[in-house]
There are 2 protein chains.
Amino acid sequence: MDAGLPSELAGRGIEPDCIETILVVRDVLARVGDKWTMLIVTVLRDGPMRFTALHHAVPGISQRMLAHTLSALTRDGLATRTAYPEVPPRVDYTLTELGRSLASAVDRLVGWVRDHQDEIVDNRRQFDSPD
Amino acid sequence: MDAGLPSELAGRGIEPDCIETILVVRDVLARVGDKWTMLIVTVLRDGPMRFTALHHAVPGISQRMLAHTLSALTRDGLATRTAYPEVPPRVDYTLTELGRSLASAVDRLVGWVRDHQDEIVDNRRQFDSPD
DNA sequence: CGGGATCCGATTAGATACTG
DNA sequence: CAGTATCTAATCGGATCCCG
């Protein structure tokens with residue numbers, strides 16, 4: 001995933017454990033920071049939901065990205081996938097305890113953004129304005 | 001930046017303010033979730049630093065990405081850029097109050113990741129193992 | 001219905017070279 | 001020293017088609 005950094009850090013006497021942490025932290029931040037994860041997680045907080053329901057609940061997402069993101073969440077143990085042996089198929093996605101725990105940790109960050117978004121948007125306008 | 005989502009949300013009777021928030025939240029999450037931002041911010045928390053010092057303090061980053069990321073931080077008002085009219089040029093970057101405030105908000109999330117990284121890494125191994 | 005496989009345009013980021 | 005400009009390789013994401 002990130003072959004360059006570890007070797008460069010390793011040569012500097014930095015603890016391998018710390019490198020691991022940096023990599024995992026960055027990785028998880030990248031996941032919650034991506035285009036769709038938070039939207040999906042937010043929807044899933046209300047309870048289990050099927051693939052198609054999610055597809056309708058998250059406007060604008062493609063089938064492909066929905067499947068990808070759900071697979072990533074499942075892989076990390078943040079959601080569970082339950083397939084019922086029926087035809088036509090039915091699949092439920094549910095947030096795990098770990099997923100809910102992450103969601104509430106992210107909530108505080110989202111709170112920060114809500115509290116400061118005006119300031120940020122303002123800073124951008126000033127920066128971009130060609131005085 | 002994200003032309004599709006707003007129009008799709010707008011058609012559903014969702015408040016424009018809420019759309020704004022979703023977009024800004026996602027945007028800020030994407031910034032802290034990108035490959036270099038957190039590393040740079042972490043280094044900057046110890047105090048002001050010049051461009052070259054940052055380049056050395058953040059192993060593996062290219063000059064281009066360092067300049068880009070610093071510019072983005074400055075644009076959002078998370079850092080300030082101070083250029084001294086000398087030759088050779090000297091430029092300092094400093095975290096603003098807003099930047100420090102974000103950093104500590106992110107800290108809690110980083111704490112969560114540290115607390116659960118073993119669990120996550122474990123889940124991935126199980127998911128990837130070809131049982 | 002719930003995806004996986006494929007194709008392709010768009011964005012990203014590293015390497016390199018150049019400049020005030 | 002502190003960047004910008006350019007080129008390129010890789011990645012991302014949407015559209016489409018297909019299948020159990």
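Every chain is numbered from 1, with letters handed out A, B, ... down the list of sequences.
The side chain of Phe51(B) sits closest to dG3(D) out of dG3(D), dG4(C), dC1(D). The listed nucleotides are dC1(D), dG3(D), dG4(C); the one nearest the side chain of Pro89(B) is dC1(D). Distance from the side chain of Ala67(A) is smallest for dG4(C) among the nucleotides dA2(D), dG14(C), dG4(C).
Side-chain N/O atoms of Ser62(B) include none lying less than 4.0 angstrom from OP1 or OP2 on dA13(C). Under 4.0 angstrom from either OP1 or OP2 of dC1(D) there lies no side-chain N or O belonging to Tyr93(B). Not one side-chain nitrogen or oxygen of Lys35(B) sits closer than 4.0 Å to the OP1 or OP2 atom of dT12(C). For Arg64(A), no side-chain nitrogen or oxygen approaches OP1 or OP2 of dG4(C) to under 4.0 Å. Contact annotation: Trp36(B) does not reach the phosphate of dT12(C) (side-chain N/O to OP1 or OP2, under 4.0 Å).
Glu86(A) comes within 4.0 angstrom of no nucleic acid atom, judged by non-hydrogen atoms across all strands.
Electrostatic pairing of Asp128(A) and Arg125(A) does not count as a salt bridge here, judged by no charged N lying under 4.0 Å from a carboxylate O. A salt bridge does not link Arg100(A) to Asp107(A): none of the charged side-chain nitrogens sits closer than 4.0 Å to a carboxylate oxygen.
When the shell of 6.0 Å around CD of Glu86(A) is examined, it contains more than 12 heavy atoms from other residues, nucleotides or ligands.
For the pair Ile61(B) CD1 and dT12(C) C1', the computed distance is 14 Å after rounding to whole Å.
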